[in-house]
K.L.:
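First the structure, then my questions, so here it is.
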Amino acid sequence: MKVTGDQALVKKINKSLVLHTVRKHFPLSRSSVSVMTGLNKATVSTLVAELCEQQLVIEVGPGQSSGGRKPLMLHFNNMAGTVIGIELHVKQLSAVLCDLKGDIILVRDFTLEHHGLAYVLDTMKELIADLISVAPSTPYGTVGIGIGVPGMVDEQGILLFAPNLGWEMVELQQILETYFAIPVTLDNEANAGAVGELNFGAAQDVSHLLYVSAGSGIGSGIIIDGKLYKGARGYAGETGHMCIEADGKPCSCGSRGCWELYASEKTYDTSLFKLPAHNTQDLIRCAKQGDIEAIRHFEQMGKYLGVGVTNLINSFNPELIIIGGALSEAEPWLATSMNAVVAERTLPYHKQQLQITFSKLGSRGTMIGAAFSSVMSFLGSIRITL
């Protein structure tokens with residue numbers, strides 16, 4: 001298949017290339033941008049002038065001279081606009097207001113009383129409106145809203161099925177875009193978390209990654225050859241509904257013995273231990289204080305987490321597995337039992353050069369990834385596939 005483009009398309013691609021080079025590597029001189037992109041200096045100067053006029057790139061003080069006039073250094077203008085990143089949990093809405101570089105400006109959390117669609121939508125609208133109202137003044141204002149949801153999402157931004165919420169066929173992207181007149185990106189929360197880790201967390205420069213989001217449920221974001229893998233129709237990564245007990249507990253998805261029934265926050269209501277609390281933050285607090293029941297429960301969760309992680313390793317042979325989501329903050333009590341199971345059950349060749357780590361972004365990974373997807377949508381990142 002031949003791919004052709006007119007001069008306007010070529011210019012748009014080159015402009016995107018220059019912008020993202022500055023965004024990733026600033027401060028840079030025009031000469032450095034020319035070297036890094038392979039574009040000639042005249043083209044770079046023209047494109048940089050346009051980006052400066054659009055206030056996406058700014059000139060700062062002079063850099064080091066290599067034997068002539070000191071070059072003016074270029075910075076990405078991370079305060080050209082703001083974005084909002086949201087994660088919809090089963091019992092909570094969490095949101096961040098970020099600049100275009102992904103740095104967090106504000107954080108908001110809201111406890112959900114129930115999963116009713118109208119109630120959750122109203123709460124989400126209030127949360128977004130609040131963040132827009134307190135956002136700092138920028139040339140472009142709030143340019144995007146990114147949302148990570150615990151369910152299957154199609155390419156049109158429709159939440160097809162969220163078993164833990166009891167939702168089906170919710171046109172969430174269209175509803176919010178119509179209400180706020182701001183572009184909205186919608187994805188599975190694990191996919192958003194993987195994007196966050198790939199760009200800001202432990203997975204930078206990693207080509208083959210599995211991000212396991214463990215919280216109210218379990219999902220996985222799959223990075224293959226540096227790109228997010230979504231499967232034939234966009235639904236890949238529903239690993240929380242991978243069966244690990246053939247005749248196990250019934251799940252809200254309609255199956256039995258699903259991984260998330262044994263290794264997510266769902267276990268708090270079915271635990272054999274006398275738990276002092278039934279949410280992750282309070283249980284972590286109890287574990288820090290030496291509560292034996294909380295510690296034993298986390299250790300048991302770690303074993304089941306290890307069973308599922310082993311299945312993923314043997315299936316995908318990744319370089320890196322990151323445990324993210326709310327339960328990543330229980331690492332001190334999950335890690336030992338999880339790693340013991342993985343060491344015992346993983347195929348020997350799959351262990352070679354494999355790393356397993358817990359998220360450095362913690363429970364905010366999905367929100368940061370969702371916000372970054374909105375940044376990329378705003379900046380118009382262009383990809384050409386032959």
Side-chain angles (χ1 to χ4, degrees), residues 84-96 107-131 145-154 156-180 184-193 213-221 234-235 237-241 249-256 258-271 275 277-283 324-327 363-367 369-370:
I84 293 169
I86 296 175
E87 181 174 6
L88 173 58
H89 309 265
V90 173
K91 298 180 180 180
Q92 182 173 300
L93 265 178
S94 299
V96 290
V107 180
R108 292 282 191 271
D109 291 299
F110 191 94
T111 300
L112 295 173
E113 298 173 2
H114 56 82
H115 306 149
L117 178 58
Y119 163 73
V120 174
L121 279 175
D122 286 344
T123 304
M124 192 177 290
K125 289 174 182 177
E126 289 177 14
L127 188 59
I128 293 169
D130 173 51
L131 288 172
I145 301 164
I147 305 173
V149 294
M152 298 165 60
V153 177
D154 72 5
Q156 284 70 50
I158 298 173
L159 178 54
L160 300 173
F161 182 42
N164 293 332
L165 298 174
W167 292 7
E168 288 188 70
M169 301 302 295
V170 179
E171 297 182 357
L172 188 57
Q173 179 177 313
Q174 182 180 340
I175 291 169
L176 294 176
E177 281 187 344
T178 301
Y179 188 83
F180 288 104
V184 174
T185 59
L186 186 71
D187 206 343
N188 174 269
E189 46 88 22
N191 287 341
S213 175
S216 54
I218 295 179
S220 295
Y235 315 146
E238 290 293 331
T239 55
H241 298 286
K249 306 169 187 176
C251 182
S252 59
C253 73
S255 185
R256 303 181 71 90
C258 293
W259 186 22
E260 66 179 41
L261 298 178
Y262 303 86
S264 77
E265 293 173 332
K266 290 178 182 293
T267 61
Y268 300 158
D269 295 327
T270 60
S271 179
L275 297 182
H278 286 78
N279 67 74
T280 297
Q281 288 302 318
D282 287 343
L283 274 179
L327 283 167
S363 59
R364 295 180 180 178
T366 289
M367 293 183 285

K.L.:
Where is the tightest heavy-atom contact between Val96 and Met367, given as atom of each residue plus distance?
P.N.:
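Nearest pair, atom of Val96 first, then Met367: CG2-CB, 3.7 Å.
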K.L.:
Enter the distance from His278:NE2 to Thr267:OG1 here, rounded to the nearest 0.5 Å.
P.N.:
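If we round to the nearest 0.5 Å, His278:NE2 and Thr267:OG1 are 9.5 Å apart.
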K.L.:
How would you list, by chain and number, every residue that makes a side chain to side chain contact (heavy atoms under 4.5 Å, CB included) with Glu171, sequence neighbours excluded?
P.N.:
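Scan of Glu171 (side chain to side chain contact (heavy atoms under 4.5 Å, CB included), adjacent residues dropped) gives Ile158, Gln174.
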K.L.:
With the side chain counted from C-beta on, respond yes when Pro163 and Cys251 share a heavy-atom pair under 4.5 Å apart, and no when they do not.
P.N.:
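Of all side-chain heavy-atom pairs linking Cys251 with Pro163, none is under 4.5 Å.
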K.L.:
Identify, with sequence neighbours excluded, every residue that meets side-chain hydrogen bond (donor to acceptor under 3.5 Å, both in side chains) alongside Asp122.
P.N.:
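Partners of Asp122 under the side-chain hydrogen bond (donor to acceptor under 3.5 Å, both in side chains) test: none.
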K.L.:
Which distance, rounded to the nearest 0.5 Å, do you find between the CG of Leu93 and the CG of Asp109?
P.N.:
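Reported to 0.5 Å precision, the distance equals 9.0 Å.
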K.L.:
Please report the C-alpha distance between Leu165 and Val149 in whole Å, then the side-chain angles of each, then the deciding distance to 0.1 Å, and finally whether the side-chain contact (heavy atoms from CB on, under 4.5 Å) criterion is met.
P.N.:
CA-CA 10 Å; Leu165 298 174; Val149 294; 5.9 Å; no
K.L.:
Please round to the nearest 0.5 Å and tell me the distance separating atom CE of Met124 and atom CG of Leu117.
P.N.:
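The CE atom of Met124 sits 9.5 Å away from the CG atom of Leu117.
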K.L.:
For residues Lys249 and Tyr262, report the shortest heavy-atom separation together with the two atoms involved.
P.N.:
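Shortest heavy-atom separation between Lys249 and Tyr262 comes out as N-OH, 3.0 Å.
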K.L.:
Please round to the nearest 0.5 Å and tell me the distance separating atom OG1 of Thr178 and atom CD of Gln173.
P.N.:
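With rounding to 0.5 Å, OG1 (Thr178) is 10.0 Å from CD (Gln173).
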K.L.:
Of all residues at least two apart in sequence or in a different chain, which pass the side chain to side chain contact (heavy atoms under 4.5 Å, CB included) check with Ala129?
P.N.:
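By the side chain to side chain contact (heavy atoms under 4.5 Å, CB included) rule, Ala129 matches Phe180.
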K.L.:
Could you go through the side-chain contact (heavy atoms from CB on, under 4.5 Å) check for Tyr179 and Ile128 one step at a time?
P.N.:
CA-CA 11 Å; Tyr179 188 83; Ile128 293 169; over 6 Å; no
K.L.:
I would like to know whether Leu160 and Met169 meet side-chain contact (heavy atoms from CB on, under 4.5 Å); could you show each step before the answer?
P.N.:
CA-CA 4 Å; Leu160 300 173; Met169 301 302 295; 3.7 Å; yes
K.L.:
Pick from Lys266, His115, Glu265: which one makes a side-chain hydrogen bond (donor to acceptor under 3.5 Å, both in side chains) with Asn164?
P.N.:
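With Asn164 as partner, Lys266, His115, Glu265 yield a single side-chain hydrogen bond (donor to acceptor under 3.5 Å, both in side chains), made by Lys266.
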K.L.:
Checking side-chain contact (heavy atoms from CB on, under 4.5 Å) against Ile147, which of Val153, Thr366, Leu176 comes through?
P.N.:
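The residue from Val153, Thr366, Leu176 that satisfies side-chain contact (heavy atoms from CB on, under 4.5 Å) with Ile147 turns out to be Leu176.
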K.L.:
Return the minimal non-hydrogen interatomic distance between Ala277 and Asp282, and the atom names on each side.
P.N.:
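Nearest pair, atom of Ala277 first, then Asp282: CB-CB, 3.4 Å.
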K.L.:
For Tyr119, what residues pass the side chain to side chain contact (heavy atoms under 4.5 Å, CB included) criterion, not counting sequence neighbours?
P.N.:
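By the side chain to side chain contact (heavy atoms under 4.5 Å, CB included) rule, Tyr119 matches Phe110, Leu112, Glu113, His114, Thr123.
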K.L.:
Distance check, rounded to the nearest 0.5 Å: Ile84 atom CD1 versus Arg108 atom CZ?
P.N.:
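Ile84 CD1 to Arg108 CZ: 10.5 Å, rounded to 0.5 Å.
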K.L.:
Taking all atoms of both residues into account, what is the closest heavy-atom pair of Asn191 and Gly221, and its distance?
P.N.:
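Distance-wise, the nearest heavy atoms are OD1-CA, 3.7 Å.
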K.L.:
Quick one: do Lys91 and Asn279 satisfy side-chain contact (heavy atoms from CB on, under 4.5 Å)? Show the steps, please.
P.N.:
CA-CA 10 Å; Lys91 298 180 180 180; Asn279 67 74; over 6 Å; no
K.L.:
Can you see which heavy atom on Ala370 is nearest to which on Gly85, and at what distance?
P.N.:
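Answer, listing the atom of Ala370 first, then Gly85: CB-CA, 4.4 Å.
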K.L.:
Test of understanding: with side-chain hydrogen bond (donor to acceptor under 3.5 Å, both in side chains), list the residues that count as partners of Ser220, not counting sequence neighbours.
P.N.:
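By the side-chain hydrogen bond (donor to acceptor under 3.5 Å, both in side chains) rule, Ser220 matches Thr239.
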K.L.:
Does any N or O in the side chain of Glu189 come within less than 3.5 Å of the main-chain N or O of Pro150, such that one atom is a donor and the other an acceptor?
P.N.:
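No: the side chain of Glu189 does not pair with the backbone of Pro150.
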K.L.:
Please name all residues satisfying side chain to side chain contact (heavy atoms under 4.5 Å, CB included) with Ala190, sequence neighbours left out, ordered by chain then number.
P.N.:
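In terms of side chain to side chain contact (heavy atoms under 4.5 Å, CB included), with neighbours along the sequence ignored, Ala190 is linked to Asn188, Ser213.
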K.L.:
Look only at the side chain of Glu87 and the backbone of Ser94, and say whether a donor-acceptor pair between them is shorter than 3.5 Å.
P.N.:
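Side chain of Glu87 to backbone of Ser94: no pair is present.
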K.L.:
Tell me the closest heavy-atom pair linking Ser216 and Ser264, and the distance in Å.
P.N.:
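In this case the closest contact between Ser216 and Ser264 is O-OG, 3.6 Å.
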K.L.:
Mind checking the NE2-OG spacing from His241 to Ser255? Nearest 0.5 Å is all I need.
P.N.:
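One finds 9.0 Å between NE2 of His241 and OG of Ser255.
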